[in-house]
Amino acid sequence: MVPLGREFFDRPVVDVARDLIGVTLLVDGVGGPLVEVEAYDRADPASHSFRGPTPRNAAMFGPPGHAYVYRIYGMHWCLNFVCQPGSAVLIRALEPLHGTPLMAARRGSVGPRQLCAGPGRLCQALGVDLTQNGLPLDQAPFALLPAGESGDIATGPRIGITKGVETPWRFARPGSPFLSKPLR
DNA sequence: AGGATGATTGCCT
DNA sequence: GGCAATCATCCTC
């Protein structure tokens, strides 16, 4: 198994995204196995990095294996894992397994499948905001635990974008009840 | 300096 | 299924 340090992330972003399915993400001990992610890279019109570095996307051009957090629609946070320069993996959904009472307290009264199904919901459940932007993923508050077994992985078009809509860079555990949207 | 937009979510019909 | 919320960012003038 490839260790989840810098060398894991210093690879083509699509390879990293695939390999992240099943990896357990914890933020201060709260989290679970990733079931849905998306890849974005420098040559991709849907990516924040497409038009080059700016203050907001600076972390995307920093070292691999760090967090890139940004605010979307003026109200939600989205968490990414930075790979090679200008590329990152958007963390879209995970299976709530560790610290679920704290997740529920943060998310309000929603069912277990709604705790971390979507990038904004996941950040709310795990307490992610701008204070984690740029932090290394191999140190507290983050922890990444290698996947146990590599099950099936489905691919499809990414969600919520208006450019690059055909690019099939969404990766998910097929049939998982914890996805933001179903994917075969 | 001004305005359109967004890697979303939840509430309404 | 449709649409409002809500505001920092970034493009255009």
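Every chain is numbered from 1 and lettered A, B, ... according to where its sequence line falls, protein lines coming before strand lines.
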Please determine whether a side-chain nitrogen or oxygen atom of R121(A) lies at a distance below 4.0 Å from atom OP1 or OP2 of dG10(B). yes
Could you tell me the separation between the CZ atom of R158(A) and the P atom of dG6(B), rounded to a whole number of Å? 14 Å
Quick check on dT8(B): is either OP1 or OP2 less than 4.0 Å from any side-chain nitrogen or oxygen of R92(A)? yes
Testing dC7(C), dC10(C), dA7(B) for proximity to the side chain of P55(A), the answer is dC10(C)
Checking base pairs now: Watson-Crick or wobble, both atom distances under 3.5 Å. What partners dT6(C)? none
How long is the line joining CZ of F50(A) and P of dA7(B), in whole Å? 13 Å
Please state whether the phosphate of dG10(B), meaning OP1 or OP2, lies under 4.0 angstrom from any side-chain nitrogen or oxygen of R107(A). yes
Within 45° cone and under 6.0 Å: R42(A) NZ/CZ vs F50(A) ring: no
Taking every non-hydrogen atom, the tightest pair across H48(A) and Y68(A): ND1-OH, 2.8 Å
Round to the nearest Å and state the distance from I72(A) atom CD1 to dA7(B) atom P. 4 Å
Rounded interatomic separation in angstrom, taking OH from Y73(A) and P from dC3(C): 15 Å
Could you check A46(A) against Q114(A) and say which one's nearest nucleotide on DNA chain B is further toward the 5' end? A46(A)
Grab the CG-P distance between N80(A) and dT8(B) for me, whole Å please. 11 Å
Heavy-atom neighbours of E166(A) CD exceed 12 at 6.0 Å: no
Under 4.5 Å between any side-chain heavy atoms of D10(A) and V16(A), yes or no? no
Considering every strand and a 4.0 Å limit on heavy-atom distances, what is the contact class for T54(A): base, sugar-phosphate, or nothing? sugar-phosphate
Whole angstrom is fine here: how far is it from CE in M75(A) over to C1' in dA8(C)? 12 Å
Is the NZ or CZ atom of R11(A) both under 6.0 Å from the centre of the six-membered ring of F8(A) and within 45° of that ring's axis? yes
So, under a plain 3.5 Å distance rule, would you say the side chain of Y70(A) forms a donor-acceptor pair with the base of dA8(C)? no
Closest of dT8(B), dC11(C), dC10(C) to the R51(A) side chain is dC11(C)
Do we get R158(A) above Y40(A)'s six-membered ring, with its NZ or CZ under 6.0 Å from the centre and within 45° of the axis? yes
With P as the reference atom in both, quote the distance from dA4(C) to dA4(B) in angstrom, rounded to an integer. 16 Å
Taking only side-chain nitrogens and oxygens of T162(A), does any of them come within less than 4.0 Å of OP1 or OP2 of dG6(B)? yes
Calculate the interatomic distance between M60(A) atom CE and dT9(C) atom P; express it in whole Å. 16 Å
Of the options dC7(C), dC11(C), dA7(B), whose atoms approach the side-chain atoms of R71(A) most closely? dC7(C)
Could you tell me which nucleotide pairs with dA7(B) by Watson-Crick or G-U wobble geometry, both distances under 3.5 Å, or answer none if nothing does? none
Figure out the CG/P separation between L90(A) and dA7(B), and round it to whole Å. 10 Å
